[in-house]
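Scope of the values below: all heavy atoms of this structure, side chains included, with no hydrogens, waters or symmetry mates. Chain A is the first sequence line, chain B the second, and so forth, proteins listed ahead of strands; every chain is numbered from 1.
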Amino acid sequence: MPRITREQVLYTARLARLRLTDDEARAMTRHLEAILDYAAQLETVDTEGVEPMSHVMALETPLRSDAPQAGLSADDALANAPGSDGTHFLVPKILDSETQA
Amino acid sequence: MAAPIASLIELCADLESGRSSAVALVENVFARADEVDGALQTLLHPRRAAALEEAAVSDARRAAGRLRSPLDGIPIAIKDNIVQAGEPASCASRILEGYRSPFSATAVERLRGAGAVIVARTNMDEFAMGSSTENSVRGPSRNPWSLERTPGGSSGGSAAAVSAGIVPLALGSDTGGSIRQPASFCGVVGMKPTYGRVSRRGLVAFASSLDQIGPIARSARDCALLLDVLSGADPGDSTALPEAALESHRALDGDVSGLRIGLPKEIRETPGVSPEVLTKVEEAVAELERAGARSLEVSLPHTRFALATYYLISTAEASGNLARFDGVRYGFRASSDGGGVTPMYERTRSAGFGDEVKRRILLGTFALSAGYYDAYYRKAQQLRTLLLRDFEAAFQHCDVLALPTTPQPAFRIGEKTGEPLSMYLTDVFTVPANLTGAPGVSLPCGFQDGLPLGLQLMGRPLEDATVLRVADAFQRRSEYHLQRPPL
């Protein structure tokens, strides 16, 4: 059984907000299958009871004093926007009929 | 003919004696770039006029006796994923086309505070995803030692620019080897510091638990001087170490007597490792033994799983970090074609990202998705724990580890682009340092068929200065780092 099918690749692409052409879907399926086959070697390791590590250093989350500080100005924040009215980011209209994947 | 620019230490002496000026150094940089960078393609967005102005201000500081640091007036190039206020930061991606950063990275602020002169940004693999600098929207950079070969990656532009004598110093970023591997391929010194040693604020995130900014230079001593300026606590990065700036350059006394060098026995068993690479690493260790160090064999049984672990963890983190590129706040936006906001996101991301970035987003999204999370992502995190235990055990018996940086010297452009997994395998010796947070430096230790080979030294987390001291001790006894490519 393949580790990942073309349908799973297309589903994952929808989750990641990517559209794949037929050629891309074919190539990505082949590449991801090769990578997941390689990663299957991890299955040979007994990890029963091993704590998963998300971060290498157990740092406390440092807190700064709760005092106002200057942040990015609205002009600076909007300077790179592909669409802006000077005070907001503009995006295409969100249609009622649109459903989230 | 423009001479290659000298090393940092030599330039400091030239500036101090008045034999050169900061303005003359910037002129040297661009004359050299004009001569060789057409072929190499290392620099993006040169700041010729701004750099000349900043250099003149540095010269005035020097004349007034108000130097800020040893780096005052020294030219430096920075990788295109480290932001500078008012400058482009494209990460070599179409999706950041036209972007100009509203703020500077902490590393950039520290460089400018030290008086260094930023001359250009450097080419890279898109979003630092790659091992050859071929995944750049601007086209590949080339290796100064052999133009048909890659400089490595993802910080290939930075390493090749230092190797070619365009700049004495450059910044790179290293998530799985992206400083050390190109340093090895280009015959220069590159260091991934301990995780947290250099603030990541202003480094465009790839995999946040692995990313580090680090120095690329001609010698361990030059790297130490640059790292000392970059290091230190930062309220803008909660993962930056809460420690004062390093003074690692003061630790470089050439003394390695009594130092224990561990040689991981698993290295020899790695498929595809060049016998010449192994020989050169052994010769380098023998040289350090003649200087008073001793070597012993150590075992790191889980390192054979490190690469698979790395590619699952790094892509999982990347899939989240790259969600922000959606065509709303910055960069490129594709037309929604009247379809609303979700089609706009999809069209923007599909047209804005290159193939390798899409592949890693897909792999990471899959590894995190319902039904696969435990089998892939959680399993990889457990392997990361086992790997860290291996290294902690080894460092009970030795002070540094010596191993190759890469299994082979630089490969040809195009050689690995069709098969992503074969490209990933070039990172097999570099990913453990990122997964365990340890400092690692790559330095030249020989040649194979005219191509540089790299010795990698790893140390205990926080012991950046030890790693640099051993690298410097080797360079006091060898001349590989003094070789220049035939340009």
Legend entry - Option that, when pairs with chain B are counted at under 4.5 Å, heavy atom only, ranks first among Ala77(A), Ser54(A), Ala79(A): Ser54(A)
Inset, instruction - Just give me the residue among Val9(A), Val45(A), Asp76(A), Leu20(A) that pairs up with chain B most often, heavy atom to heavy atom, under 4.5 Å. - result: Val45(A)
Inset, instruction - Identify which part of Leu32(A) has an atom lying under 4.5 Å from any heavy atom of chain B, answering side chain, backbone, both or neither. - result: side chain
Inset, instruction - Check each atom of Leu72(A) against the heavy atoms of chain B and say whether the ones under 4.5 Å are side chain, backbone, both or neither. - result: side chain
Inset, instruction - Examine whether an atom of Glu43(A) lies under 4.5 Å from a heavy atom of chain B, and if so say whether it belongs to the side chain, the backbone or both; otherwise answer neither. - result: backbone
Inset, instruction - For chain B, find which of Leu36(A), Thr12(A), Asn80(A), Ile35(A) contributes the most heavy-atom pairs closer than 4.5 angstrom. - result: Asn80(A)
Inset, instruction - Could you tell me which portion of Arg64(A) (side chain, backbone, both or neither) has an atom closer than 4.5 angstrom to a non-hydrogen atom of chain B? - result: neither
Legend entry - Segment of Leu90(A) engaging chain B (4.5 angstrom heavy-atom cut-off): backbone
Legend entry - Thr239(B) side chain to Arg200(B) side chain, donor-acceptor N/O pair below 3.5 angstrom: yes
Legend entry - cation_pi(Arg17(A), Tyr345(B)) dist<6.0 Å, angle<=45: no
Legend entry - Between Tyr377(B) and Gln382(B), a side-chain donor and acceptor under 3.5 Å: no
Inset, instruction - Please check if the side chain of Glu266(B) supplies one atom and the backbone of Leu300(B) the other of a donor-acceptor pair under 3.5 Å. - result: yes
Legend entry - Contacting moiety of Ser84(A), where chain B heavy atoms sit under 4.5 Å: neither
Legend entry - Ring geometry between Phe366(B) and Tyr376(B) (parallel below 30°, tilted from 30 to 60°, perpendicular above 60°): tilted
Inset, instruction - Apply the test side chain to side chain donor-acceptor pair (under 3.5 Å) to residues Ser90(B) and Glu97(B): give CA-CA distance (whole Å), side-chain angles for both, the deciding distance (0.1 Å), then the verdict. - result: CA-CA 6 Å; Ser90(B) 77; Glu97(B) 206 170 71; over 6 Å; no
Legend entry - Which of Thr21(A), Thr44(A), Val91(A) touches chain B most, by non-hydrogen pairs under 4.5 Å: Val91(A)
Inset, instruction - Check whether more than 12 heavy atoms from other residues, nucleotides or ligands sit under 6.0 Å from atom CZ of Phe103(B), and answer yes or no. - result: yes
